[in-house]
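As structure tokens, the structure follows; a few thoughts come after it.
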Amino acid sequence: MALDAAQAAKEILAAVGGPSNVVSAAHCATRLRLVIADDSKVDPAAVEDALGAKGNFQASGQLQIIYGTGTVNKVYDEFCKQGNISAVSKDELKDVAAQNQNKFMAAIKVLSDVFVPIIPAIVASGMLMGIMGAIEFMGNAGYFVLDTNSVWWRIAGLINACALANLQILLGFSAATVFGGNPYLGASFGALLISGSFINAYGAADAIANGTMITLDVIPGLYSIDWIGYQGHVIPILVGVWILCQIEKKMHQIVPDMFDLFVTPLVSVSGAAYITILFIGPIFVWLENAILGLLQALLSVPFGLGYILIGLIYSPSVVTGLHQMYTTIDVSMLGNLGVTYWLPIASAANIAQGGACLAVALKTKSEKTKALAIPSGISCLLGITEPAIFGVNLPKLKPFIAGMAGAAVGAFICSLTKLGATGTGVTGLFGILLCINQPVQYCIMFAASFGVAFALTWVLYSDEPDKARAPKAAAPAAPAQVDAIDEAGVLASPMTGTAKAMTDAPDAVFASLAMGNGAVVEPTAGEVYSPVTGSVTMLFDTKHAIGLMGDDGTEVLIHIGVDTVELEGKPFTAHVAAGDAVKAGQLLITADLGAIEAAGKPTATMVIVTNTDDYKAVTPEVGSVTAGEKLVTVSK
């Protein structure tokens with residue numbers, strides 16, 4: 001049965017403290033991402049029990065609620081609609097959330113923002129590279145005749161090489177977009193750093209060996225650089241583009257408009273090129289090579305211990321958000337080694353968590369847990385781990401630990417088989433397409449990761465005894481009558497809350513006194529009582545407003561909330577009808593204040609003396625007020 005997205009959005013909006021507590025909202029493939037103004041207003045139990053929610057966690061300065069692929073976008077649309085939250089806040093969310101992050105996590109988020117848009121290109125090239133490698137292997141083995149000089153094969157070769165061969169251009173474009181600069185200048189800068197004028201970085205070792213390396217003095221006798229391009233490098237490109245963007249922004253501020261078009265691009269690209277090639281580039285090339293060297297050393301630790309360590313920590317790194325930097329590692333390895341040994345380990349970790357989750361699904365007797373664990377486990381096997389990790393495995397802990405153990409075993413298999421991927425961005429079942437040269441090894445890793453995690457979870461996991469929450473005490477029924485002041489020339493407060501002058505109304509029409517003077521009540525309870533003894537002259541079909549005539553001639557309009565006519569009566573229950581006689585303090589209407597707030601409407605209730613012109617003065621009380629107490633005095 002399809003999820004009622006409107007009800008799901010209503011419940012989660014109320015659980016997080018209403019629209020006023022949501023600074024910004026966005027969603028990714030599986031999660032509703034919220035930046036919350038005041039965490040103390042969030043009801044964790046209500047968030048956990050909200051319709052359709054498969055789990056929730058705090059990460060990257062955001063409250064993230066898991067709904068799953070194909071569902072989260074529908075809940076998000078209803079969430080924004082009901083809470084009157086602008087859809088453009090998706091872009092604002094990154095900046096708002098970043099204010100709550102430390103610098104290290106913010107830097108990792110930048111890496112993620114740069115790489116996410118270009119992953120499809122890398123995936124396409126990587127998959128085709130793997131497929132072509134498998135075809136070439138089978139052709140060389142004599143399974144069929146392969147003509148590698150045909151136009152079809154040559155074009156395929158162009159396709160599989162294009163993304164990685166021109167990666168620095170893609171990085172330049174994407175990074176400039178993230179850093180707030182001109183993406184075309186960023187792309188030009190990336191192209192500059194892999195220019196054919198340099199000695200190709202992939203041929204640098206040969207140039208050194210045969211004595212053709214070009215070394216140029218920067219400061220004669222003190223400092224020189226090797227004239228090598230930046231093929232295969234990532235970090236120097238990102239740093240260089242960041243410098244370019246800072247120069248560009250400054251130039252836009254100081255260069256007159258008539259010269260800006262040609263002066264700013266020239267100075268920005270030239271300045272960044274000189275700074276990067278002469279100074280920054282060599283430093284970060286060394287740093288990047290050192291990091292890759294460290295990772296290679298870790299992967300080379302005897303007995304596969306380095307692989308095992310990475311397998312163990314991979315899933316916990318997903319919890320902390322550190323996994324967003326792993327694409328950088330993959331791309332650097334691809335650029336320098338032609339394959340990445342990191343992605344198969346990531347795939348093993350994802351598969352293992354999926355195995356643990358599916359073991360929970362089969363063993364649990366809880367229908368709710370089973371309904372969550374089955375799709376989450378399948379999602380894990382397709383490379384999307386968050387629903388399984390945050391919705392099932394981590395809260396129950398033992399399955400999460402079993403998944404870590406399965407990942408360690410799968411990583412050890414990767415070590416034994418030297419399993420490498422020709423691209424990045426795809427794990428799980430479809431990850432085999434990036435390891436098409438080693439399909440048997442990938443299948444062994446898959447079976448080991450899944451099997452160990454599944455078996456350990458089956459042995460260790462058992463449903464916890466029901467820890468039913470203590471039932472909430474039923475709220476006492478609203479009294480049909482409250483003690484109320486019943487004097488000529490006095491209006492009792494229809495609601496409990498805070499009284500304000502009518503000029504403080506959150507609606508310009510009411511605040512202008514165009515409809516009459518009176519008072520505003522910011523209610524804390526939804527019961528609306530009669531302010532006078534008299535009769536009901538009018539009750540709107542939508543029940544958001546009611547007119548009364550007091551026995552003393554006072555004409556009163558009670559308008560509950562602002563623009564609540566748009567709610568079509570859903571949050572209101574009327575206890576009287578037009579023409580009924582009423583007494584001061586008698587229950588007229590019950591309003592669901594939570595539903596009104598969830599719809600993004602103010603709950604401020606206007607109590608208006610519509611025949612204000614008949615009186616010399618209409619004087620409101622201000623401050624805390626209880627239903628039935630004096631609210632307005634009229635005098636002739």
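This one's a predicted model, so the numbers in the text were calculated from it and none came from an experiment.
The two residues Lys370 and Thr364 make their nearest non-hydrogen contact at NZ-O, 3.2 Å. Across Thr276 and Gly240, no two heavy atoms sit closer than the pair OG1-CA, 3.4 Å. Shortest non-hydrogen contact noted between Thr212 and Ile199 is O-CD1, 3.7 Å. Here the closest heavy-atom approach between residue Gly186 and residue Val241 is recorded as O-CG2, 4.5 Å. When all heavy atoms of Ile345 and Ala411 are compared, the closest pair comes out as CG2-CB, 4.0 Å. Ala50 and Ile12 get closest at one heavy-atom pair: CB-CD1, 3.8 Å.
Partners of Tyr184 by ring-ring contact (aromatic ring centres under 6.0 Å, His included), not counting sequence neighbours, listed by chain and number: Phe173. In terms of the side-chain hydrogen bond (donor to acceptor under 3.5 Å, both in side chains) criterion, residue partners of Thr369 (sequence neighbours excluded) are, by chain and number, Ser366. Shown here are the ring-ring contact (aromatic ring centres under 6.0 Å, His included) partners of Phe284, two or more places apart in sequence or in another chain: there are none. By the side chain to side chain contact (heavy atoms under 4.5 Å, CB included) test, Ala348 pairs with Met445, Ser449, sequence neighbours left out. For Tyr442, the side-chain hydrogen bond (donor to acceptor under 3.5 Å, both in side chains) partners are Ser347, not counting sequence neighbours. Looking at residues two or more places apart in sequence or on another chain, you find no side-chain hydrogen bond (donor to acceptor under 3.5 Å, both in side chains) involving Asp147. Ser415 pairs by the side-chain hydrogen bond (donor to acceptor under 3.5 Å, both in side chains) definition with nothing, not counting sequence neighbours. For Leu192, the side chain to side chain contact (heavy atoms under 4.5 Å, CB included) partners at least two apart in sequence or on another chain are Val269, Ala273, Ile277.
Distance CG/Asn73 to OG1/Thr71: 7.5 Å, rounded to 0.5 Å. Note that CD1 of Ile280 and CG of Leu278 are 10.5 Å apart. Values are rounded to the nearest 0.5 Å. In this structure, Asn437 CG and Ile135 CD1 are separated by 10.5 Å, a value rounded to the nearest 0.5 Å. Atom OG1 of residue Thr427 and atom CD1 of residue Ile432 lie 13.0 Å apart, to the nearest 0.5 angstrom. Taken to the nearest 0.5 Å, the CG atom of Leu32 stands 8.5 Å off from the OH atom of Tyr76. Atoms CG and CG, on Asn182 and Leu244 in that order, are 8.5 Å from each other to the nearest 0.5 Å.
Between Leu358 and Leu381, some side-chain heavy-atom pair lies under the 4.5 Å cut-off. Within the 4.5 Å cutoff, side-chain heavy atoms of Phe198 are placed close to those of Trp227. At least one side-chain heavy atom of Ile243 sits less than 4.5 Å from a side-chain heavy atom of Val239. Within the 4.5 Å cutoff, the side chain of Leu146 has heavy atoms near those of the Trp153 side chain. Leu419 is listed as a side-chain neighbour of Cys435, based on a closest heavy-atom distance under 4.5 Å. Contact annotation: the side chain of Ile310 approaches that of Trp342 to within less than 4.5 Å [non-hydrogen atoms, C-beta and beyond]. Taking 4.5 Å as the limit, every side-chain heavy atom of Tyr307 sits out of range of all side-chain heavy atoms of Val301.
For OH of Tyr274, the number of neighbouring non-hydrogen atoms (other residues, nucleotides, ligands) closer than 6.0 Å is 12 at most.
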List the steps, then state whether side chain to side chain contact (heavy atoms under 4.5 Å, CB included) holds for Val16 with Leu63.
CA-CA 9 Å; Val16 300; Leu63 171 61; 3.9 Å; yes
Stepwise, does the side chain to side chain contact (heavy atoms under 4.5 Å, CB included) test hold for Ile329 with Thr340?
CA-CA 8 Å; Ile329 296 173; Thr340 171; 5.6 Å; no
Under the side chain to side chain contact (heavy atoms under 4.5 Å, CB included) rule, what do Ser376 and Cys357 come out as? Steps first, then yes or no, please.
CA-CA 7 Å; Ser376 297; Cys357 187; 3.9 Å; yes
Assess whether side chain to side chain contact (heavy atoms under 4.5 Å, CB included) is satisfied between Phe279 and Ile225, documenting all intermediate values.
CA-CA 9 Å; Phe279 303 106; Ile225 61 170; over 6 Å; no
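Side chain of Trp242 to main chain of Ala176: no donor-acceptor pair is present (N/O by atom type, distance under 3.5 Å, no hydrogens or angles). A donor-acceptor contact shorter than 3.5 Å is absent between the side chain of Gln441 and the backbone of Thr417. Using a distance-only test at 3.5 Å, with no hydrogens or angles considered, no donor-acceptor pair links the side chain of Ser224 to the main chain of Val218. In this structure, the side chain of Arg33 does not engage the main chain of Ala25 through any donor-acceptor pair within 3.5 Å. Between the Gln231 side chain and the Gly203 main chain, no donor and acceptor come within less than 3.5 Å of each other.
Note on residues 286-306: no pairs pass ring-ring contact (aromatic ring centres under 6.0 Å, His included), not counting sequence neighbours.
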Let me check something: any side-chain donor-acceptor pairs from residues 454-461 under 3.5 Å, sequence neighbours excluded? List them with distances.
residue: Thr457; atom: OG1; partner: Ala453; partner atom: O; Å: 2.7
residue: Tyr461; atom: OH; partner: Asp463; partner atom: OD1; Å: 2.6

Under 3.5 Å, sequence neighbours excluded: what are the donor-acceptor pairs made by side chains of residues 390-410?
residue: Asn393; atom: ND2; partner: Gln353; partner atom: O; Å: 3.0
residue: Asn393; atom: ND2; partner: Gln353; partner atom: OE1; Å: 2.8

Which pairs would a plain distance check flag for residues 162-172, meaning a side-chain donor or acceptor within less than 3.5 Å of a matching protein atom at least two apart in sequence or in another chain?
residue: Asn166; atom: ND2; partner: Cys162; partner atom: O; Å: 2.9
residue: Gln168; atom: NE2; partner: Tyr230; partner atom: O; Å: 3.4
residue: Gln168; atom: NE2; partner: His233; partner atom: O; Å: 3.0

